Amino acid sequence: MRVVFLGTPEFGVPSLKALFDAGCEVVGVFTQPDKPKGRGNKLQKSPVKLCAQERGIPVFQPVKIRLDGVEALRSLRPDLCVTAAFGQILSQEILDIPRIGTVNVHSSLLPKYRGSAPINWAIMEGETVTGVTTMMTDKGLDTGDILLQRTIGILPGETAEELTARMAPIGAELLIETIRRLEKGDCPRTPQDEDKASYFPMLKKEMGEIDFRMPARKIVCRVRGLTPWPGSVFEWGEGEQIKVWHAEEAENPGKKPGAILSADAKDGLVIAAGEGAVRILELQAPGGKRMNAKDYLRGHPVSYTECRVTEENSHG
RNA sequence: CGCGGGGUAGAGCAGUUCGGUAGCUCGUCGGGCUCAUAACCCGGAGGUCGAGGGUUCAAGUCCCUCCCCCGCAA
């Protein structure tokens, strides 16, 4: 079977490897164009591109596949297209090309958490269970028929980064099972229940600004869900931005949100929230590396009594 | 050449402007106090100051080269 894989970040790599290892004829890989990234603005290849090149699979990087990638895809004459965090929307014209159709590996239990950041949102919403879904892609955004699903528990304190790493290989397994069953013709196919559907938007950098007026429990979930990108930050002193890598709930004796309840190497860093307080366990100052909050405080005495309380930002 | 911060004891930092015996907080080891302690008191060990070269009577500090780490922006 001729398969074309479309994916970009690390999440898609296990799926691509699995297709390859399962003996599928992966005739091409589509991924986002190399972009200048990191220090020095050097061009970076996506993880999926690197993986494809290692295996000698032709790589295509249209800026917008529905505009300048159609002919390339058609010429590959795929029986099946597989997407896993590709990052571009497919047009009907694209979807019509593969004989069998396009299977998407989505990292939530659809129809919940449609959208591009399902793992992050599931954690931010305080879920304890999520999962992966394989589905037939249609023109809508994550609205196609569900093929197979597998549930996965979210561990206490787990970050989006950790959960993503854990889910990617499971998604790959489910993908292979889906393809086997599609080949045999016994793959279940269930339309999504629109009444139970939920959609969550793309992550934006501003979402990382901690709003201390939220309940501590919520803040902690957001910190987990927004790791590693965009990360969670607060501001104190003269605009110094502190990135929070790890936090937990703590007691608040009744101070107003943003008040610094303690900031020393002995008691750690605790900041009052709307409900309860947030104990910051691991942080990162501008120019510095991430470190244990107490270590930070040992070398950086803090005299501020409060943090800046940011204005309302989208999705509390 | 996108902008910027940094590498000093096991950890986190100061010291670099204006060269002159390397310091702070914590940890660690030993001792003391205490019903007890992650608390307190006394004492000790522990550093090629990222690497190499240069200037100098003398370099963590000044000059040159290199390596590594990190933030922003994308």
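Small disclaimer: the values here were computed from a predicted structure and weren't measured. Chain letters run A, B, ... following the sequence lines, proteins first, then strands; residues in each count from 1.
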ask   = Who pairs with A:Y199 by ring-ring contact (aromatic ring centres under 6.0 Å, His included), at least two apart in sequence or on another chain?
value = none
message = I'd like to check the ring-ring contact (aromatic ring centres under 6.0 Å, His included) partners of A:Y296; sequence neighbours left out, ordered by chain and number.
response = A:H300
Rounding to an integer number of angstrom, what distance separates [N] and [M] when you compare their [atom1] atoms?
N: B:rC40; M: B:rG46; atom1: C1'; answer: 24 Å
N: B:rA38; M: B:rG27; atom1: P; answer: 10 Å
N: B:rU61; M: B:rC49; atom1: P; answer: 9 Å
N: B:rG10; M: B:rU17; atom1: P; answer: 26 Å
N: B:rG5; M: B:rA73; atom1: C1'; answer: 15 Å
N: B:rU48; M: B:rC3; atom1: P; answer: 36 Å
N: B:rG44; M: B:rA9; atom1: C1'; answer: 14 Å
N: B:rG50; M: B:rA14; atom1: P; answer: 13 Å

[X] side chain to [Y] side chain, donor-acceptor N/O pair below 3.5 angstrom:
X: A:T31; Y: A:S46; value: yes
X: A:Q53; Y: A:K45; value: yes
X: A:Q44; Y: A:K35; value: no
X: A:T178; Y: A:T134; value: yes

query = Are A:M207 and A:I123 in one and the same hydrophobic cluster, where Ile, Leu, Val, Met, Phe, Trp and Tyr link if side-chain heavy atoms are under 4.5 Å apart?
reply = no
message = Applying a strict under-4.5 Å side-chain criterion to I, L, V, M, F, W and Y, I'd like to know whether A:V29 and A:M1 cluster together.
response = yes
inquiry  = Check this one for me: any side-chain N or O of A:K243 less than 4.0 Å away from OP1 or OP2 of B:rC70?
reply    = no
inquiry  = Tell me whether the side-chain N/O atoms of A:Q284 come closer than 4.0 Å to OP1 or OP2 in B:rG71.
reply    = yes
Take atom [atom1] of [X] and atom [atom2] of [N], then tell me their distance rounded to the nearest Å.
X: A:K205; N: B:rG71; atom1: NZ; atom2: P; result: 11 Å
X: A:L283; N: B:rG71; atom1: CG; atom2: P; result: 13 Å
X: A:E209; N: B:rC72; atom1: CD; atom2: C1'; result: 15 Å
X: A:E240; N: B:rG71; atom1: CD; atom2: C1'; result: 11 Å
X: A:K42; N: B:rA73; atom1: NZ; atom2: P; result: 19 Å
X: A:Q241; N: B:rG5; atom1: CD; atom2: P; result: 17 Å

Pairs satisfying ring pair (Phe, Tyr, Trp, His ring centres under 6.0 Å), at least one member in residues 38-97 of chain A, at least two apart = A:F30-A:F60
message = Please check: side-chain N/O of A:T227 versus main-chain N/O of A:E161, any donor-acceptor pairing under 3.5 Å?
response = no
State the pairing partner of [N]; accept Watson-Crick or G-U wobble contacts with both distances under 3.5 Å, and report none otherwise.
N: B:rG46; result: none
N: B:rC72; result: B:rG2
N: B:rC24; result: B:rG12
N: B:rC40; result: B:rG32

task = Mind checking A:K35 for me? I need base, sugar-phosphate or nothing, with any heavy atom below 4.0 Å counting as a touch.
result = nothing
Just the atom pairs and distances: protein N or O near nucleotides 1-4 of chain B's N or O, under 3.5 Å.
{"from": "B:rG2", "atom 1": "OP2", "to": "A:G40", "atom 2": "O", "distance (Å)": "3.3"}
{"from": "B:rG2", "atom 1": "N9", "to": "A:N41", "atom 2": "ND2", "distance (Å)": "3.3"}
{"from": "B:rG2", "atom 1": "N7", "to": "A:G40", "atom 2": "N", "distance (Å)": "3.4"}
{"from": "B:rG2", "atom 1": "N7", "to": "A:N41", "atom 2": "N", "distance (Å)": "3.4"}
{"from": "B:rG2", "atom 1": "N7", "to": "A:N41", "atom 2": "ND2", "distance (Å)": "3.4"}
{"from": "B:rG2", "atom 1": "O6", "to": "A:G38", "atom 2": "O", "distance (Å)": "3.3"}

query = Can you name the salt bridge (Lys or Arg N to Asp or Glu O under 4.0 Å) partners of A:E10, sequence neighbours left out?
reply = none
ask   = If you find the nucleotide of RNA chain B closest to A:L297 and the one closest to A:R290, which residue's nucleotide is nearer the 5' end?
value = A:L297
request  = Map A:K294 and A:W245 onto RNA chain B by nearest heavy atom, then report which one ends up closer to the 5' terminus.
outcome  = A:K294
Could you go through nucleotides 13-17 of chain B and list every protein N or O atom that sits under 3.5 Å from one of its N or O atoms, giving the distance for each pair?
{"from": "B:rC13", "atom 1": "O2'", "to": "A:G299", "atom 2": "O", "distance (Å)": "3.1"}

